[in-house]
Amino acid sequence: MCSSKQWLCKFVLATAFGSALSGAASADCLRHIYNRSPYALVVTQNEGPSFSVRPRSSGAFRLAGPGKIDVAAFCSGADLRQPVVQKSFEYQAVLDRCFFEVGNRFFQNELGNGFLPSRSVAPFTLNNPQQGDIILFSRGEACLPQQ
């Protein structure tokens, strides 16, 4: 039989080893895309299968490691070959931090990534309400009939 000190030592080592493994496995985040527009969204992650987000609803996706998300907005019931808006966003997922890369890295050490935008992401809003989330807000002017 093993002594209580040996058993305690084995238990502590097993617990430390298990928590180290579970900590390394949590390098991804579940995030949301919020569609606050009359458009239908088609979202593709890392050139994989796409999913749709209906008007005025939301969808969930998982960010793991570095990657890219492509988002296209279409008028509901219209020609799906011509998106109204189409953008691609690169993201990072490091341990428990998931975010879209926007802006330049001038103040990255002081204020974090994305302080000064280097390109327009309108009509999308990135990293809001949580880092790694996407919001599309539009009134849908592109789908109105032309006069």
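Only heavy atoms go into these numbers, but all of them, side chains included; no hydrogens, no water, no symmetry mates. If you read the sequence from its start, that first residue is 1, and numbering goes on from there.
In terms of the side chain to side chain donor-acceptor pair (under 3.5 Å) criterion, residue partners of N46 (sequence neighbours excluded) are, by chain and number, Y91. Take Q82 and apply the side-chain contact (heavy atoms from CB on, under 4.5 Å) test, not counting sequence neighbours, and it matches D79. Remark: A40 engages S76 in a side-chain contact (heavy atoms from CB on, under 4.5 Å) (not counting sequence neighbours). Among residues two or more places apart in sequence or in another chain, the ring-ring contact (aromatic ring centres under 6.0 Å, His included) test is passed with F61 by none.
Using a 4.5 Å heavy-atom cutoff, the side chains of F74 and V42 are in contact. L136 has its side chain out of reach of V71: every pair of non-hydrogen atoms, C-beta onward, lies at least 4.5 Å apart. Side-chain contact between E101 and L126 is absent, with no heavy-atom pair separated by less than 4.5 Å.
Across every non-hydrogen atom of G140 and Y39, the tightest pair is CA-OH, 3.3 Å. Here the shortest heavy-atom pairing between R97 and Q131 reads NH2-OE1, 3.6 Å. The minimum heavy-atom distance linking L41 with N35 is given by the pair CG-ND2, 3.6 Å. In plain terms, the two heavy atoms of G132 and N127 that are nearest each other are N-OD1, 3.0 Å. The two residues F89 and I134 make their nearest non-hydrogen contact at CD1-CD1, 4.4 Å.
The CD1 atom of I69 sits 4.5 Å away from the CD atom of Q45 when rounded to the nearest 0.5 Å. Taking OG from S37 and CD from E141, the interatomic distance works out to 10.5 Å, rounded to the nearest 0.5 Å.
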Side-chain donor-acceptor distances from residues 49-60 under 3.5 Å, at least two apart:
| from | atom 1 | to | atom 2 | distance (Å) |
| --- | --- | --- | --- | --- |
| S57 | OG | R54 | N | 3.4 |
| S57 | OG | R54 | O | 2.7 |

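Contacts classified as salt bridge (charged side-chain N to carboxylate O under 4.0 Å, His left out) and involving residues 60-76 (residues at least two apart or in different chains) are given here: D28-R62, E47-K68, K68-D70.
Applying the 4.5 Å side-chain rule to ILVMFWY residues, one finds I135 in the same cluster as Y34.
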